[in-house]
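Okay, structure first, notes after.
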Amino acid sequence: MTEIDTDIIVRIAAKGDGVTANGRHVPLTAPGDRIAADGSILRGPHHVDPPCVHFPICGGCELQHIDDASYADFVTARVAGALAGQGVEPGRLLSPHISPPQARRRASLRASRQGRKIVIGFAESGSHMLVDLTMCEILDPALFALLAPLRTLCGIILPDKRAAHVRMSLTDQGVDLLLEGVRIEGLAADEALLAFAQEHALARLTIDEGDGPQTRWEPEPVTVSFGGVPVAFPPFAFLQATPDGEAALVHDAQQAMPSEGAIADLFCGLGTFALALGQSRPVYAAEAARDLILSLKSAANRAQRRMVADHRDLFRRPLTPAEINRFAGIVIDPPRAGAREQVMQLAASNAPVIAYISCNPASFARDAVHLIAGGYRLESVRPVGQFRWSTHVELVGIFRRG
């Protein structure tokens, strides 16, 4: 019998620690690293120098110290482990899609005044302290480029002893910027806002001083396009984190749908899937957020799409089996907690195919158990690492009846 080497890191756990064969967790280690007797780390072949100077202090990334192959393995293992934990075995576990660096098109940062200095960045890992970002390997360069001038602007509009939220999204027209927790007092502050928006060609600048968002600059209506259709974009509305990640999810969902027949998109948001998959077919789209569903309805009407956009809370009023059975395919993209109420109705339906997009492998696995018990088989699962170098993993699973 071969003795197991318990000083070698064999895998990365769900929260990013390296794990030895006997279950010891060691932070900031990579598969193949050896843990010396004094606790020091002897680097193995998969341990790399992090590309960002702020790692590992910045909480924006947890896994910059492992190579690309190990990160892809981690993304896959997160999904496989969640499924195995529920006794679910997919027909195929497909190769993961991993977003490249500097591709994140949506970010929420914090800004604070520290004496005369304005700090903007992510919080330190496990702390409320902010890391003042001088570089960032995950943000799209168009977003990162605003941080330096934002420090100057915040010097005028950020009150003492208050933190602001800096929320940025890339839209069809450019950067949509929402500043929360700031205070605009006097002509100088108003002029500084206008000059900032103009100089940096913002798509929109929205301010929330504590009594709701107020748009201060929007030269033309801000939109984000899905399936070639521009949709009015509420400030910092939900978007898939990267364009390539969105495309990977849409592709797998689209490939799973039959060539003809109406489909339903549940928890549709602004229409990421409804518009991409509904270019030549009828679509029913349901969403509880009123602003999102109204934006989608208006966009679909302008584009003359065959779409019913329904303002409906699927937790309180899920589609029933009789309603579901009208569709040739179902797309469902619920929040992190999953969608047990709707999944139970799906499990009792005759829908031939379900494309389930999830941002939480654990809740997906729990919902998969109910679908399988109802007679579905999990044909395939593709892990998607849109949040590069983080432990946050998404996926698309395809269920077929019979």
Side-chain angles (χ1 to χ4, degrees), residues 2 4-6 8-27 29-33 46 62-63 66-99 245 248-249 252-253 255-256 330-344 346-347 353-402:
T2 304
I4 297 175
D5 190 336
T6 58
I8 297 289
I9 298 297
V10 295
R11 64 182 180 88
I12 303 295
K15 293 184 178 181
D17 289 348
V19 184
T20 62
N22 63 348
R24 183 166 38 139
H25 285 239
V26 185
T29 54
D33 286 357
H46 300 291
E62 296 120 325
L63 296 168
I66 66 176
D67 64 11
D68 289 352
S70 296
Y71 180 64
D73 288 345
F74 166 80
V75 170
T76 300
R78 285 277 283 113
V79 174
L83 293 173
Q86 296 291 334
V88 174
E89 187 173 342
R92 290 180 296 154
L93 184 57
L94 302 174
S95 59
H97 174 87
I98 307 297
S99 291
L249 295 170
D252 279 18
Q255 291 296 109
I330 305 290
V331 177
I332 180 170
D333 183 11
R336 285 189 60 78
R340 184 180 186 279
E341 297 83 359
Q342 185 60 78
V343 164
M344 298 304 289
L346 287 168
V353 59
I354 301 168
Y356 188 136
I357 290 86
S358 173
C359 59
N360 185 347
S363 62
F364 170 82
R366 291 195 298 269
D367 284 348
V369 170
H370 297 301
L371 291 173
I372 291 168
Y376 285 91
R377 57 185 172 85
L378 181 52
E379 178 183 81
S380 66
V381 177
R382 186 183 304 280
V384 176
Q386 288 194 78
F387 293 84
R388 189 181 178 94
W389 294 313
S390 86
T391 57
H392 184 75
V393 174
E394 298 177 307
L395 62 90
V396 53
I398 306 302
F399 295 87
R400 295 192 186 275
R401 179 157 287 290

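Because only heavy atoms are used, hydrogens play no part in the values below, and waters and symmetry mates are left out as well, while side chains stay in.
By the salt bridge (Lys or Arg N to Asp or Glu O under 4.0 Å) test, Asp68 is found to be paired with Arg388, residues two or more places apart in sequence or in another chain being considered. Checked against ring pair (Phe, Tyr, Trp, His ring centres under 6.0 Å), His392 has the following partners two or more places apart in sequence or in another chain: Phe387. For Arg382, the salt bridge (Lys or Arg N to Asp or Glu O under 4.0 Å) partners are Asp252, not counting sequence neighbours.
Contact annotation: the side chain of His97 approaches that of Ser99 to within less than 4.5 Å [non-hydrogen atoms, C-beta and beyond]. Contact of the Ile12 side chain with the Ser70 side chain is not registered, since no non-hydrogen atoms from C-beta on lie closer than 4.5 Å.
If you take CG on Leu395 and OG on Ser358, they are separated by 4.5 Å, rounding to the nearest 0.5 Å. With rounding to the nearest 0.5 Å, the separation of CG in Leu371 from CZ in Arg366 is 13.5 Å. In this structure, CG on Leu249 lies 5.5 Å from CD on Gln386, to the nearest 0.5 angstrom. Going from atom CZ of Phe399 over to atom CG of Leu378 covers 4.5 Å, rounded to the nearest 0.5 Å.
For residues 389-402, the set of pairs meeting the salt bridge (Lys or Arg N to Asp or Glu O under 4.0 Å) definition, not counting sequence neighbours, comprises Glu379-Arg400. The list of salt bridge (Lys or Arg N to Asp or Glu O under 4.0 Å) pairs with a residue in residues 332-342, not counting sequence neighbours, is empty. Within the structure, side-chain hydrogen bond (donor to acceptor under 3.5 Å, both in side chains) pairs that include any residue of residues 367-378 comprise Ser349-Tyr376, Tyr356-Asp367 (at least two apart or interchain).
Side-chain atoms of Tyr71 do not come within 3.5 Å of backbone N or O of Ile66 as any donor-acceptor pair.
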N/O donor to acceptor pairs below 3.5 angstrom from side-chain atoms of residues 13-21, sequence neighbours left out:
unit_1	atom_1	unit_2	atom_2	d
Thr20	OG1	Asn22	OD1	2.4
Thr20	OG1	Arg24	N	3.0

With a cut-off of 3.5 Å and sequence neighbours excluded, list every side-chain donor-acceptor pair involving residues 73-92.
unit_1	atom_1	unit_2	atom_2	d
Thr76	OG1	Ala72	O	3.1
Arg78	NE	Thr391	O	3.4

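Considering all non-hydrogen atoms of both residues, Asp33 and Ala30 come closest at OD2-N, 2.8 Å. Across all non-hydrogen atoms, the minimal contact from Ala256 to Val353 is O-CG2, 3.7 Å.
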